[in-house]
Chemist: 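This structure is in structure tokens; I'll ask about it shortly.
These numbers were taken from a predicted model, which means no experiment stands behind them. Throughout, a chain's letter reflects where its sequence line sits, starting with A, and its residues are numbered from 1.
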Number of protein chains: 2
Amino acid sequence: MEQGLHPDLRIDQMPQTLREIVLGRMRTAIISGRFPSGARLVERTLCDQLGVSRSVVREVIRILEAEGLVESLPNRGPVVARLDWGQARQIYDIRLLLEGAAAAGCAAVADAGVKDRLAAAFAALEAAGGEDAVFEATTRFYEVIFRAAGHDIAWEIVQRLNGRISRLRALTLATVDRAVPGRVRMARIVAAIMANNAAAARQAVEDHLRDAAAIAQRMLEGE
Amino acid sequence: MEQGLHPDLRIDQMPQTLREIVLGRMRTAIISGRFPSGARLVERTLCDQLGVSRSVVREVIRILEAEGLVESLPNRGPVVARLDWGQARQIYDIRLLLEGAAAAGCAAVADAGVKDRLAAAFAALEAAGGEDAVFEATTRFYEVIFRAAGHDIAWEIVQRLNGRISRLRALTLATVDRAVPGRVRMARIVAAIMANNAAAARQAVEDHLRDAAAIAQRMLEGE
DNA sequence: GGTTGTATGATGGTATACCATAAGACAAGA
DNA sequence: TCTTGTCTTATGGTATACCATCATACAACC
């Protein structure tokens with residue numbers, strides 16, 4: 001019996017479980033660098049800091065471990081994952097493939113709706129002030145591209161990889177000494193997609209990423 | 001003080017933790033299809049079947065969830081992840097990119113040692129009888145390629161993706177009605193790498209994968 | 001003095017107990 | 001008969017208790 005559901009009465013806010021909350025907190029704590037690379041994650045200490053039991057902390061650590069943000073040394077416990085340039089380079093290479101394909105796919109199928117969303121995301125990016133806001137806006141921008149291309153799984157993978165190089169990304173976003181400013185490169189991506197030019201979109205994304213990777217390398221090897 | 005370590009006395013067998021054992025068991029149970037797609041994974045039942053406590057089972061489920069093999073429905077608990085063709089197609093597309101790049105990279109840098117290992121892996125593949133053995137040998141074959149190319153992280157990703165389409169892979173491996181038998185395609189890959197021909201290696205891998213994807217699509221939409 | 005045995009504390013691994021809630025069954029009333 | 005309230009049970013969420021092991025320090029013995 002169809003009884004016309006009233007969307008306004010919907011309960012969207014599922015009662016978030018403690019685990020999800022703690023997962024979010026710890027993830028941002030690691031990504032933001034509050035827990036530095038290599039730092040030990042002592043379970044009982046985290047319990048005290050977070051006010052939850054070890055069950056929750058342990059399950060969250062397992063998730064973060066699977067995400068590559070945490071690694072567990074045998075008989076030593078979990079530590080924040082370390083990142084060397086060899087790994088970072090691989091991650092940038094993979095992003096080059098996945099983001100290039102997404103941009104090309106997006107450009108190939110972009111209709112008016114997609115272009116609207118992309119323009120909005122780009123405007124938000126340009127309006128964003130402050131590191132976190134830029135970070136967030138950049139994520140949204142790429143999400144539009146991946147979703148439009150129908151590459152949801154690739155998007156998941158890229159997000160996870162981005163988590164692992166988050167500190168590098170923050171550094172590259174803040175860097176101003178790049179040959180062509182990031183915003184200009186982003187604008188090229190937008191233009192290519194608006195023109196439904198798949199090859200140009202891929203090229204623009206790849207240029208942007210190679211640029212970012214070069215900066216990241218200087219950062220990582222310079223310290 | 002250097003005191004010449006005796007490799008023979010090494011203790012390799014790390015005292016595997018219960019969690020790792022259970023993780024392995026459950027992963028293969030899902031991949032092999034013993035837990036069918038969509039089946040509920042009731043924690044206490046699993047505890048009985050495995051003879052471990054819920055702590056262990058829950059942590060393992062978190063890992064499998066992060067791997068994409070399990071999904072947790074809110075207020076319903078974990079179930080074996082479902083797979084539709086839309087997702088499978090995306091996974092094959094990503095594999096196309098990553099495996100193509102790995103094969104090209106491997107061909108570009110392959111020296112005598114790599115070629116030896118590759119030949120050995122291919123021989124093992126041809127000698128393998130039985131579904132599981134073929135599966136295992138195929139994995140080893142690709143591992144040689146990825147490792148030689150230095151694409152460790154991409155290899156992790158591919159392995160994880162393969163877990164999600166394992167049942168499809170089993171079907172395609174068992175299929176004989178492909179235009180060109182799988183072994184022949186594999187031989188092309190080997191030949192291209194032996195000749196250090198990166199473009200040909202990429203092409204061979206891509207052909208092989210497109211073939212497998214086509215078979216998988218027929219399987220998945222046919223049932 | 002250096003080596004080795006031992007005690008102690010920190011920490012992860014594991015098991016279990018308890019609680020909140022959702023889903024299904026069933027009875028009572030219209 | 002259909003609705004509605006309630007009860008029960010299954011199940012996941014959370015906390016805690018206990019155990020095994022590793023690392024460190026220190027003492028004892030050669």
Chemist: Starting from P on D:dG13, measure out to CD1 on A:Ile63 and report it in whole angstrom.
Modeler: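 Computing the A:Ile63:CD1 to D:dG13:P distance gives 11 Å.
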Chemist: Distance-only, no hydrogens or angles: does the A:Ser72 side chain make a donor-acceptor pair with backbone N or O of A:Val79 under 3.5 Å?
Modeler: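 Side chain of A:Ser72 to backbone of A:Val79, a donor-acceptor pair under 3.5 Å: no, none is there.
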Chemist: Please report the distance, rounded to the nearest Å, between CD in B:Glu43 and C1' in D:dA10.
Modeler: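 So the CD-C1' distance, B:Glu43 to D:dA10, works out to 12 Å.
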Chemist: Over how many whole Å does the gap from B:Leu50 atom CG to C:dG13 atom P extend?
Modeler: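 Atom CG in B:Leu50 sits about 18 Å away from atom P in C:dG13.
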Chemist: Is the shortest heavy-atom distance from the side chain of B:Leu96 to the side chain of B:Val205 under 4.5 Å?
Modeler: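 They are not in contact (no side-chain heavy atoms under 4.5 Å apart), so the answer is no.
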Chemist: When the distance from CG of B:Leu41 to P of D:dG13 is rounded to whole Å, what number comes out?
Modeler: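 Answer to the nearest Å: 13 Å.
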Chemist: Output yes when B:Glu67 and B:Arg27 qualify as a salt bridge under the 4.0 Å nitrogen-oxygen rule, no when they do not.
Modeler: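 Salt bridge between B:Glu67 and B:Arg27, a charged N being under 4.0 Å from a carboxylate O: yes.
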Chemist: Let's see if you can work this out: which of C:dT14, D:dT14, D:dT11 has an atom nearest to the side-chain heavy atoms of A:Glu59?
Modeler: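 The answer is D:dT14.
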Chemist: B:Ile21 CD1 to C:dG13 P: how many Å, rounded?
Modeler: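 Distance check: B:Ile21 CD1 to C:dG13 P gives 13 Å.
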Chemist: Shortest non-hydrogen contact from A:Ala216 to A:Leu168?
Modeler: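 For A:Ala216 and A:Leu168, the tightest heavy-atom pair comes out as O-CD2, 3.9 Å.
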Chemist: Expressed in angstrom and rounded to an integer, what is the separation of A:Arg44 atom CZ from C:dT14 atom P?
Modeler: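 My rounded result for the distance is 14 Å.
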Chemist: Spell out yes or no: do the side chain of B:Arg54 and the base of D:dG13 have one donor N/O and one acceptor N/O closer than 3.5 Å?
Modeler: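 For B:Arg54, whose side chain was compared with the base of D:dG13, there is a donor-acceptor pair (under 3.5 Å).
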Chemist: Given that A:Arg40 and B:Arg76 both sit by DNA chain C, which one's nearest nucleotide is further toward the 5' end?
Modeler: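 Result: A:Arg40.
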Chemist: Taking only side-chain nitrogens and oxygens of A:Ser53, does any of them come within less than 4.0 Å of OP1 or OP2 of D:dT14?
Modeler: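 False: A:Ser53 side-chain N/O out of range (4.0 Å or more) of D:dT14 OP1/OP2.
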Chemist: Rounded to the nearest angstrom, tell me the gap between atom CZ in B:Arg19 and atom P in C:dG12.
Modeler: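 Checked: the CZ to P distance equals 11 Å.
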Chemist: Quick one: do B:Lys115 and B:Asp111 satisfy salt bridge (charged side-chain N to carboxylate O under 4.0 Å, His left out)? Show the steps, please.
Modeler: CA-CA 6 Å; B:Lys115 292 176 185 177; B:Asp111 58 11; over 6 Å; no
Chemist: Among C:dG12, D:dT14, C:dT16, which is the nearest nucleotide to the side chain of A:Pro78?
Modeler: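 Out of C:dG12, D:dT14, C:dT16, the nucleotide with an atom closest to A:Pro78's side chain is C:dG12.
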Chemist: Tell me which nucleotide among C:dG13, D:dT14, D:dG12 gets nearest to the side chain of A:Leu18.
Modeler: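 Output: D:dT14.
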Chemist: Side-chain N or O of A:Arg62 less than 4.0 angstrom from OP1 or OP2 on C:dG13?
Modeler: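 True: A:Arg62 side-chain N/O within range (under 4.0 Å) of C:dG13 OP1/OP2.
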Chemist: Tell me: CG of A:Leu73 to P of D:dA23, nearest whole Å?
Modeler: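 Going from A:Leu73 (CG) to D:dA23 (P), I get 11 Å.
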Chemist: Can you tell me which nucleotide in C:dG13, D:dT14, C:dA15 comes closest to the side chain of A:Thr17?
Modeler: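 Output: D:dT14.
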